Structures are given as structure tokens and as C-alpha cells.
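Letters A, B, ... mirror the listed sequences (proteins, then strands); counts begin at 1. Fair warning: this is a prediction, and the values are worked out from it, not measured in the lab.
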Amino acid sequence: MLKCRSVWNKLAPLTKVSSNVCRHNGRRTGLTNFRIPPCAPAAHMSTGPRGGGRENQLYAALVGAVTITVGILSYRHLKEDARRYQDRIDEIESRTSKGIVKQESAPIQSEPPDVEAIETEVVPEPEPSAEPTAEPQLEPPAEPEPETPSAPSDAEATPPSDTTETPSAAAEAVVESAPEEVAEAPAAPAVEEGDLTKLPPSDLIEPSPAPIVDSGADTVPAPHKVPSHTPYLLIGGGTASFAAARSIRARDPGAKVLIVTEETDLPYMRPPLSKELWFSDDPSVTETLRFKQWNGKERSIYFQPASFYISPEDLDSAENGGVAVLTDKKVVHMDVRGNKVKLDDDTEISYGKCLIATGGVPRNLQVIDRAGEEVTSRTTLFRKIDDFRSLDKVSRNVKSITIIGGGFMGSELACALGRRTNESDLEVIQMFPEKGNMGKVLPEYLSNWTTEKVKKEGVKVVSEALVKSVTFKDDKLQIQLKDGRLVKTDHIVAAVGLEPNVDLAKSAGMEVDSDFGGYRVNAELQARSNIWVAGDAACFYDIRLGRRRVEHHDHAVVSGRLAGENMTGANKPYWHQSMFWSDLGPDVGYEAIGIVDSSLPTVGVFAKATSKDTPKAATEKSGTGIRSESETEDTATSPVASSSSSTPTVEQHKDDYGKGVIFYLRDKVVVGIILWNVFNRMPIARKIIKDGEEHADLNEVAKLFNIHED
Amino acid sequence: MSYCRQEGKDRIIFVTKEDHETPSNAELIAEDPDDPYEEHGLILPNGDINWNCPCLGGMASGPCGSQFKEAFSCFHYSKEEVKGSECIENFRDMQECMQRYPELYPQEEDNESSSQAESSSPSVPANTTKGSGLPETDSTSTTSTPKSDVSIDSTSPTENETAS
């Protein structure tokens, strides 16, 4: 940067000189150039012929001198750039992680001034050299840059000839890329070639150190050839993104959809990572990622096998379009005005419509973050396939695992690991600040009941636990609680929430919600023109229930689908209420819909559960493997019609919450419903919430669910 | 006999089967079949096919999506006596395409489409997709009635997206 500045400073006076020369040239008057000794012109002017040869000679000498200087400086500059480029390539190879953006932006800054320097010094040349040179222009539409190298070759025959080689090559490069340069936005010229992704964006210098470039390219592994434009760009490769891709393809025939994901895996579903995969008998489950559903059928957690997708290179040319997934790439910058994004390798992709479905990152406890490497290396933040693999391995090698967090993820993992306690002598501890499991979701009586069930699964539950500090001592993690209790364990799983990923908010100029986090979008899931957000990262307006952000699987599916529909012109608001479910062991399972917050007043209507009312039975009956599927398959098995079996009304223990319906009320309107061990009735629940009516007697509403039937 | 209990803000009611035998007097708002916001089944109110129906799973959006759409549209609008009899060519194209992706469309021995043609059931496409990728494989056993009716059951087919 400084170097350029100094170069520029050097050239500035020359520029002045040459511009002076230009000005005076037309008039062919005596040289008032300060370079020439003052006495000389006067003397000569009076005696020599008009526009005297001497002046001309001096003039030519001056021009020549300037151009030589230019030539030399350009040559040096080019060489240095070549060296710098090679340095960068070397550095890239030795680099282990990405994140070069900052570094590259600095050189990027320095390039344009160089360019300008060369250009400005070059521009004044054409006029003086216009006369001496009869050289045809290198390229008719180009700027006058080519004149520069051709001028010296005329003015000075031999000496600068070798120096002009490189400048002319440079000039050619300048010429070719100049129109490109001009066309590009001043910000960052696009680097389209996939195999030279690490190049400095200023293409000017590229072609001349061509041999260096080639060797550089060989050593840098060539990534995918990325399409420079895609009609539909989906940022994030999770559930919402996949649902949107499918929706777009269904509605827009031949649509070309590009998914860009940070993960290395193709789109997959997350619920089995904390449930079914742990119950698998297959020892190679961490590799295959296949799980046996309750109905006996096996499937993979991947939504579709790899053959479903087409490769990004083929996306443009695919006749019927398709879905392409670009893995291991992160979108770091979004230019909404220009409708394009920039990846972490500086590739730019422009889009027609864009979906942001970036999900989130697991939160961690501050005390663990600050506790040092010995603690953090023994802590798992559970979200992805890799986390599942590593936790599975850990669970086989340690004696004690502690799960911090009493919500869905924490409780499910605790139960899943708790099952392993039967086979090994693994100790599973679960601790959380609430009084019972799912304390923020279930009313207290139900939360307590659930906690008892979790304990039966082999989990040591430590409730009302606030973590004060975590240290590593005597080869054990020591978790100190605020009330004085000490828990010693080998490994920690932190399940304390999800931080929505809003990295692009700043560059895209998008609003972030202060109450719920995530990108703020309207009821149609739109953030700005051509940009939609779906899934965990979307804080959207629910017409019925108000603004919210939902972190459940089915919501990702529903919102992804809706976003896809709206991206293809549907303009529908969020209306179909998504549901969620959880299984805590084989005996406790529930489905829920709407706002299910334990701080709301609730009304629970219960009957006694029979052996038929378990999650296992529910899925077996409907013949499907995953709970939310069973809802749709249900179309034939109408809940009202098929009540063939009559459950014997055995005298029930009063506090046995076997099965029932719990209504969550807000201002006397039902805003949330939990179906407790009662399955395949979600459509009714959805209807009640959709109506949004005040019901005087909720027992009457509960009748609609036929909780005593199967 | 049912009884009721209050725990703070939460109310708990235990009911016996007899208590719930009398029909409910809770009022539900009638469904509007033309509600633009509502999710639709396989067939839209105007008679068109809803390609985005979760019941179709990935059929309309996969690599063979366009062939599938051709074939099924032809079948749907067919006015022949034997419905779909003029669509053999389309179905053959679709089959050919599907054979190229055995992973996605595991082959069954029977010609799925023609056997289902008579039943004119919306689960026709579902029938062709047994296998790992797509959940509606399971729906073959629960062949559903046409979804154009206004019933609560039919308006909730979203969750198929889960697995596909």
C-alpha cells in the first residue's frame, strides 16, 4: 500500500510534467519546462527555426524519458506482483483454515491504486505519442493504454525494447480486462474461474505472469466450478432449504436451484440424531446413518441420496434444471442491491431469488467457554452429524457423561444415553435450572411426572442446578454448582439453546429481531425484495399467534415449503400451523402444536393410558416411521371412525397422566395444544388453534379428541 | 367419575370414558373450501394438480420430475373410457427416466401406474416410490380417498416433507 503510494507520488510530478508538455504541444511554443535550463530556450528560440528542431528533440527526449520511466516502473511493479502472487499461493497452501478474506481485502485495496497509477500516467502519453506512432491500436474499443508501450518502441528503438515486452503484455491484459474492470462495480471485480479462486481480484496482472499462474493453479486444488448466476439461491443446506428446493422444483418446471452450505454433508434431518440413531442395533450406524423406524423400515437421515442432486457445474446446462448442492462453502457477504453473494473463497454468485436458511449454532455456557481448553475439549455442542459421531464414540469410552440443559435436546439425549447404561457402566447425569424436565414447556405437574420417567430410563437428574464453574482436576471435570453441590464427570454435553445465525444481516442490510433473535420477516417470510428466510433463523409474523421464532423440524419443513412457494410467486402467509413432537423413552411421547409455554395457564384433560398408547404403538399402527409423517398418512384412518377397540376402563391411579390433552390459553383463547400419548389427532388440534375461538368449557373441546379411543 | 383439580394456574381434569361419550357441544368454524391460505390436497379447487402436495413427495421435483408431471397430467385430464390409455408413451418415458436412478426410484415388478389407473387414486404417484428416500412409500397401504373433500384430515399433509 505504501509502496504504491510512493510510486504514485513519484509519478505525480511526471504526470504534471507530461501534462504540461501536452498543453504546450499544440502551440509548439517555446518550452517553458522547468527541466530545461532557463537560458537555453531564450537563446535558441531567437535563432533557430520556428518550432525549432532543438525544441522538438528536447521534447522527444523528455517524452522518451518519461515513457522509459513508466516502462521500468511497470516492469518492476509487475515483477513484484508476480512475486507477491506467488507468495500468496504459497501461503494458501500452507494455510489450514479459511478466513483469508481480511487478508485478501488488503491486497484488493492496494490493487486499484496501482491500476489507477498506471492508467493515469499512461493516459497523457497518447497525445504526444500520437504523432510519432503509426502503430495500430491493439484493440479498437480499448482505452489508450496500448499506445504507451507502442510509443517507446517508436521513440527509442532499442533500449526499452525488452522492457516494453512485459508492459505490452500487461497492456494487452489491461485492454482485455479493462472493459471487464469498467463493467464491474468498483467494489470487487468478480473472479469467475473456479480453478483460480485464490487470485487477487485485480485481473490486470494475471496474464503476464502466466507461467507462474499456471504452476500456482496446479498446486491449488481445483474446487467445483461454481455457476456465476443461479435463478434460485438457497443459503444453508438444512431441512428448510431442502423443503424450499423441493417446493420450487414442483412449482417452477425446470427450475435451477443452487444450495450453498457450510456443512460437508448433503441435506439431512436432525431429529434422528438425538433419537432413533441412538436406538439402532447396528454397530456401523455412525457410518451408514440409517435408522430403523418403529415400523421396521429402515431409512437414511439424508433426505435424498446423492444421485438426486446434480453437480453445480452442470446446473447451468441442465435441460430440466435440478437441485445442486455446493458443500463446504460459506456465504460471507450479501449485496442486496446487486443481487449477488460472495463466498468465503471470493467467488461471487448472482441470484434471481434468494432464501436464507442458515439455521443456528448451539449456545454454550459462558463458564465453559472461559474454562480453558481442557474443559472445552471435553464438551460437546450437539447439532450436526459429526457431533453425533463424536458423542457416540465418547459414550463408549468414558465412565460418566453430564448433560447440561433440560429442554428437548437435553432430555432426549439423556434418555438415549440412559439406555446405554444398561449395556455398559456408563453414568448419565442431567442437570438444569428448572424443577423438572421440559420445565419451560410442560406445566409443573407434568414436568415432574416426566422427570420421574426420565429417571427410570437410567438418568441421574440434578434439578435446580445453576452452574457456577467448571474445572478440570484429577482427570475429571468438576462442575461446581451455585448451591454448593459438586458434580464430577468425564464429558459434558451442553444443550442450552440455539443461537440463530444472522451473520449476513449486516452486509445485506436486514433487520434482526431483538426479542426472539433471527432475521425479521413478514408473514410471507419475506425479508427484502427477492430475499426470504425460513427455518430456525426466521423470526416471522404468525397471523394467528403473533410474531415468533420456532426451532422445530416440522416448522423448518413448513416454512421452507412456504418460502419456496412464495419464491415462485404464491404470496401466501404462514397459515398452516407446524407441529413438533418428542419421545422420552418408549413410554412418554407427545405431539404439540402452537405456543406451548409453561408460563401460560393450562387446562389438562386426562384419561388412563393403556399399552396401546405409546409412541411405539402409534407409529406401528399408522405404518410410518417418523412422527410427523404419521399425521399425513393418517388420511385413511380417520380418528373418529376407527374406534373398534374399546379400552377397558380400569380404575386408574389419580395422578397417572397416562394420556390426555393439554390446552394452553392466552386471554382465554387456546394458543397451544399438547397431545399427551394421544396420536394421530393433530388435524383437530390444528383446527382449534386456527379458529382462535374462546371456548367456555374446554372439556367439551377435549371430547373432540376421543382420548379414550386408540 | 371425572374430577377436577387446580394447581396454581393449571387446571387438571380426569375424565372417564362415559364422561366423554356424549357428543361435544364445542363449536368449530366451518371450513371454507376456497380459502386461499389453506393448504390443498392433491387436487386444487380449480381442478388442477397440486404439484407441491407433500403426498407426492419428491416425485414432481426430482430428476424425473418433468416426465412425471407429463405422465400424471395426461392421466389426470384424460377423458378416455379407459382413463390414461393414451398416456402410455408418457408413462414409458417416466419409467425409462426412473430406471436411470434406481437409488431414488427402486423398481417394483408391476407397472405401477397402469394398475393404479383404474382406482384413479391420488396415491398413484405415491405407489411408484417405495424405498428409502420417500415417506409416502408407507401410504401405499393406506390408500386414501380423494382429497378434494373438505375434511380436517385432508388439509394437513405437510409432514411428508420430513423424510423427503
Problem - More than 12 heavy atoms from other groups under 6.0 Å of OH on B/Tyr37 - result: no
Handout entry: A/Arg249 (side chain) donor-acceptor with B/Gly62 (main chain) under 3.5 angstrom
Key = yes
Exercise for the section: Could you have a look at A/Ser599, A/Ala306, A/Gly322, A/Gly660 and say which one has the most heavy-atom pairs with chain B under 4.5 angstrom? Expected result: A/Ser599
Practice task
Would you mind telling me which of A/Leu665, A/Ile662, A/Val603 makes a side-chain contact (heavy atoms from CB on, under 4.5 Å) with B/Arg11?
Solution key: A/Val603
Fill in the blank from the handout: If one checks every heavy atom of B/Tyr101 against chain A at 4.5 Å, the contacting part turns out to be side chain
Problem - Polar side-chain atom of A/His708 near backbone of B/Thr16 as donor-acceptor pair, under 3.5 Å - result: yes
Exercise for the section: Would you mind checking which part of A/Ala570 comes under 4.5 Å of any heavy atom in chain B, side chain (CB onward), backbone (N, CA, C, O), both or neither? Expected result: neither
Practice task
Give, as side chain, backbone, both or neither, the part of A/Leu698 having an atom under 4.5 angstrom from any heavy atom of chain B.
Solution key: neither
Exercise for the section: Over all heavy atoms of both residues, which pair between A/Ser307 and B/Glu103 is shortest? Give the atoms and the distance, please. Expected result: OG-OE1, 2.8 Å
Exercise for the section: Please determine, among B/Ala60, B/Ser24, B/Ser66, the option with the most heavy-atom pairs under 4.5 Å with chain A. Expected result: B/Ser24
Fill in the blank from the handout: Taken to the nearest 0.5 Å, the spacing of A/Asn706 CG from B/His20 NE2 works out to 9.0 Å
Practice task
Provide the closest heavy-atom pair for B/Ser61 versus A/Ala250 in the form atom of the first, atom of the second, distance.
Solution key: CB-N, 4.0 Å
Problem - Over 12 non-hydrogen atoms of neighbours within 6.0 angstrom of CD in B/Glu80 - result: yes
Practice task
Could you tell me whether the side chain of A/Arg561 and the main chain of B/Asn52 form a donor-acceptor pair under 3.5 Å?
Solution key: yes
Practice task
May I ask you to say whether A/Glu444 pairs ionically with B/Lys9, meaning some side-chain N is under 4.0 Å from a carboxylate O?
Solution key: no
Fill in the blank from the handout: Between A/His695 and B/Glu27, the two heavy atoms sitting closest are CE1-O, 3.3 Å
Handout entry: Heavy-atom pairs under 4.5 Å with chain B, option from A/Ala702, A/Gly564, A/Pro267 with the top count
Key = A/Ala702
Exercise for the section: State whether the side chain of A/Asp691 and the backbone N or O of B/Ile29 hold a donor-acceptor pair below 3.5 Å, judged by distance alone. Expected result: yes
Problem - A/Lys703 and B/Thr22: side chain donor to acceptor below 3.5 Å - result: yes
Completion exercise
chain B shares the most heavy-atom pairs under 4.5 Å, among A/Leu600, A/Asp252, A/Asn699, A/Thr602, with A/Thr602
Handout entry: Centroid-centroid distance, A/Tyr657 to B/Phe14, less than 6.0 Å
Key = yes
Fill in the blank from the handout: Separation between OH (A/Tyr664) and CG (B/Asp10), nearest 0.5 Å, reads 8.0 Å
Handout entry: Heavy-atom check, side chain of B/Ile12 versus side chain of A/Phe606, under 4.5 Å
Key = yes
Exercise for the section: Could you list the residues that satisfy side chain to side chain donor-acceptor pair (under 3.5 Å) with B/Lys69, not counting sequence neighbours? Expected result: none
Problem - Side-chain touch A/Lys572/B/Glu39, heavy atoms, less than 4.5 angstrom - result: yes
Handout entry: Min side-chain heavy-atom separation A/Trp575-B/Glu38 under 4.5 Å
Key = yes
